Amino acid sequence: MPEGHSIHRVARVHRRWLVGRRFTADSPQGRGELAHGVSGRTLLNVDAHGKHLFHTFEGDVRLHIHLGLFGRIRHFRNDGPVPSTACRLRLASDGATLHLSGPSACELLSLEDEAALRARLGEDPLRVDASPDRAYARLTRGRMPLAQALLDQGRIAGVGNIVRAEALFVAKLPPLLPACELERDAFDGLWSAMRALLQDGVRDGLIVTPGAPPLPSPGRKRAERFCVYSRAGLPCPRCGAKVTGQVLAARTLYFCAACQGVDRVRRSRRKPVFAPAP
DNA sequence: ACAACATGAGAAA
DNA sequence: TTCTCCTGTTGTC
């Protein structure tokens, strides 16, 4: 569910359908104070930055939601079904109800705390105020592998494991290149690949990488379709070589070692620190 | 039925 | 680096 595109899509839906409504809130999971803080207030605004959602209610009440790995928001036009015991927050108004379950964060924030949180977030390719210059400066700080830097939300916000793999593939970049060796024109290709994937994802509600092959096993229900993500051992749709899946900093990184090469990408050629896998 | 795994991230060591 | 939290889906038996 949750990479940046999902969050921005939720924000869009909520702006369109929920802003202006007055909600009653409850928490079947037993977070009474949280529900009490929101209940009876009108929703004024919804904003997304990276994977974070910010709802502003009347009376200076700010709700911060992060879905984490497991979080989900279900929407209903009517009252909706009986919420499960795992439902952390239910917001109900006339003709629109939502159930939030499994978030890693669902809290009320003061103005200062929200500002501090937003200040820690990097450039979000989905935001109009995003600065590619700043994104490049932050992303290329240090020698950490490019793929690892891409998941650091303080550098670039909203990119998750799927988008990093697919964008690096589309831009034909080597994931293990030290971030500081990424040339500016190579970054520009990566930035536009990420933005295109995320923007299409907001529009369609799921990530579909152009050029992705049909699903390997027809029975699978996976909604999103990829070139390399989750395709370890399967043929690369561009060159046919086997896709690599390897764990990097506790996350599985997928890429095609054969066609995501190092050419034209280095900033300094002095030290051959990185060599593509054989 | 049951186990493994997942699009995340913070804290601890 | 390893643990920890949270829930739902996928695959194996």
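Numbered from 1 within each chain, the chains take letters A, B, ... in sequence-line order. Please read these numbers as outputs of a predicted model, since none were measured by experiment.
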Participant: Check the distance between B/dT7's P and A/Asp204's CG and give it to me in whole angstrom.
Facilitator: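 After rounding, the reported distance stands at 21 Å.
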Participant: When rounded to the nearest Å, what value does the distance between P atoms of B/dG10 and C/dG8 take?
Facilitator: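 One P to the other, the span is 23 Å.
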Participant: Could you state the NE2-P distance from A/His99 to C/dG8, rounded to the nearest angstrom?
Facilitator: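 The answer, rounded to whole Å, is 12 Å.
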Participant: Report the distance from atom CG of A/Leu206 to atom C1' of B/dT7, rounded to the nearest whole Å.
Facilitator: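 Going from A/Leu206 (CG) to B/dT7 (C1'), I get 12 Å.
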Participant: Which word best sums up how the rings of A/Phe54 and A/His52 line up, parallel for under 30°, tilted for 30 to 60°, or perpendicular for over 60°?
Facilitator: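 Rings of A/Phe54 and A/His52: parallel, under 30°.
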Participant: Return the nearest nucleotide to the side chain of A/Phe70; candidates are C/dT2, C/dT7, B/dT7.
Facilitator: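 Of all the options, the side chain of A/Phe70 is nearest to C/dT7.
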Participant: Taking atom types as modelled and ignoring hydrogens, do the side chains of A/His14 and A/His75 form a donor-acceptor contact shorter than 3.5 angstrom?
Facilitator: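 Checked: A/His14/A/His75 side chains pair up, N/O donor to acceptor below 3.5 Å.
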Participant: For B/dC5 and C/dC13, measure between their P atoms and round to the nearest Å.
Facilitator: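 That atom pair is separated by 13 Å.
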Participant: In whole angstrom, give the distance that lies between atom CZ of A/Phe226 and atom P of B/dT7.
Facilitator: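 From A/Phe226 CZ to B/dT7 P: 10 Å.
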Participant: Sequence neighbours left out, what passes side-chain contact (heavy atoms from CB on, under 4.5 Å) with A/Phe70? Give chain and number order.
Facilitator: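 side-chain contact (heavy atoms from CB on, under 4.5 Å) list for A/Phe70, sorted by chain: empty.
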Participant: Roughly how many Å apart are C/dC3 and B/dA4, using the P atom of each and rounding to a whole number?
Facilitator: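 16 Å, rounded to whole Å.
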Participant: side-chain contact (heavy atoms from CB on, under 4.5 Å) with A/Ser101: which of A/Gln29, A/Arg88, A/Arg72?
Facilitator: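 Exactly one candidate clears the test, A/Arg72.
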Participant: Given B/dT7, B/dA9, C/dT7, which nucleotide is nearest the side-chain atoms of A/Glu3?
Facilitator: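 Given the options B/dT7, B/dA9, C/dT7, the side chain of A/Glu3 is closest to B/dT7.
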Participant: B/dA6, B/dG8, C/dT9: which one has an atom nearest the side-chain heavy atoms of A/Thr252?
Facilitator: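 Looking only at heavy atoms from C-beta outward on A/Thr252, the closest nucleotide is B/dA6.
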Participant: Nearest whole Å is fine: how far is B/dG8 P from A/Ile65 CD1?
Facilitator: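 A/Ile65 atom CD1 is separated from B/dG8 atom P by 18 Å.
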Participant: Checking all strands, does A/Glu166 fall into the base, sugar-phosphate, or nothing category for heavy-atom contacts under 4.0 angstrom?
Facilitator: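 The residue A/Glu166 makes no contact with any strand.
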Participant: Where the side chain of A/Ala86 is defined as all heavy atoms beyond and including C-beta, which of B/dG8, B/dT7, C/dT7 is the nearest nucleotide?
Facilitator: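 For the A/Ala86 side chain, the nearest candidate turns out to be C/dT7.
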Participant: Select one nucleotide: of B/dG10, B/dG8, C/dC6, the one nearest the side-chain heavy atoms of A/Arg120.
Facilitator: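 Ranking B/dG10, B/dG8, C/dC6 by closest atom to the A/Arg120 side chain puts B/dG10 first.
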Participant: Roughly, in whole Å, what's the span from CZ in A/Arg164 to P in B/dG8?
Facilitator: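 For the pair A/Arg164 CZ and B/dG8 P, the rounded distance is 9 Å.
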Participant: Find the distance A/Leu67:CG to C/dT9:P and express it as a whole number of Å.
Facilitator: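 Atom-to-atom, A/Leu67 to C/dT9, this comes out as 14 Å.
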Participant: Considering only distance and modelled atom types, tabulate donor-acceptor pairs under 3.5 Å from the side chains of residues 189-211 of chain A, sequence neighbours left out.
Facilitator:
{"residue": "A/Ser192", "atom": "OG", "partner": "A/Asp188", "partner atom": "O", "Å": "3.1"}
{"residue": "A/Ser192", "atom": "OG", "partner": "A/Gly189", "partner atom": "O", "Å": "3.1"}
{"residue": "A/Thr209", "atom": "OG1", "partner": "A/Glu166", "partner atom": "OE1", "Å": "2.6"}

Participant: I want to verify a distance call: between B/dG8, C/dT2, C/dC6, whose nearest atom is closest to the A/His66 side chain?
Facilitator: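 Closest nucleotide to the A/His66 side chain: B/dG8.
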Participant: When we call it a touch if two heavy atoms are under 4.0 Å apart, what does A/Arg74 touch: a base, just sugar-phosphate, or nothing?
Facilitator: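 Touches sugar-phosphate only.
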Participant: For B/dG8, does either OP1 or OP2 sit under 4.0 Å from a side-chain N or O belonging to A/Gln153?
Facilitator: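 No, no such contact exists.
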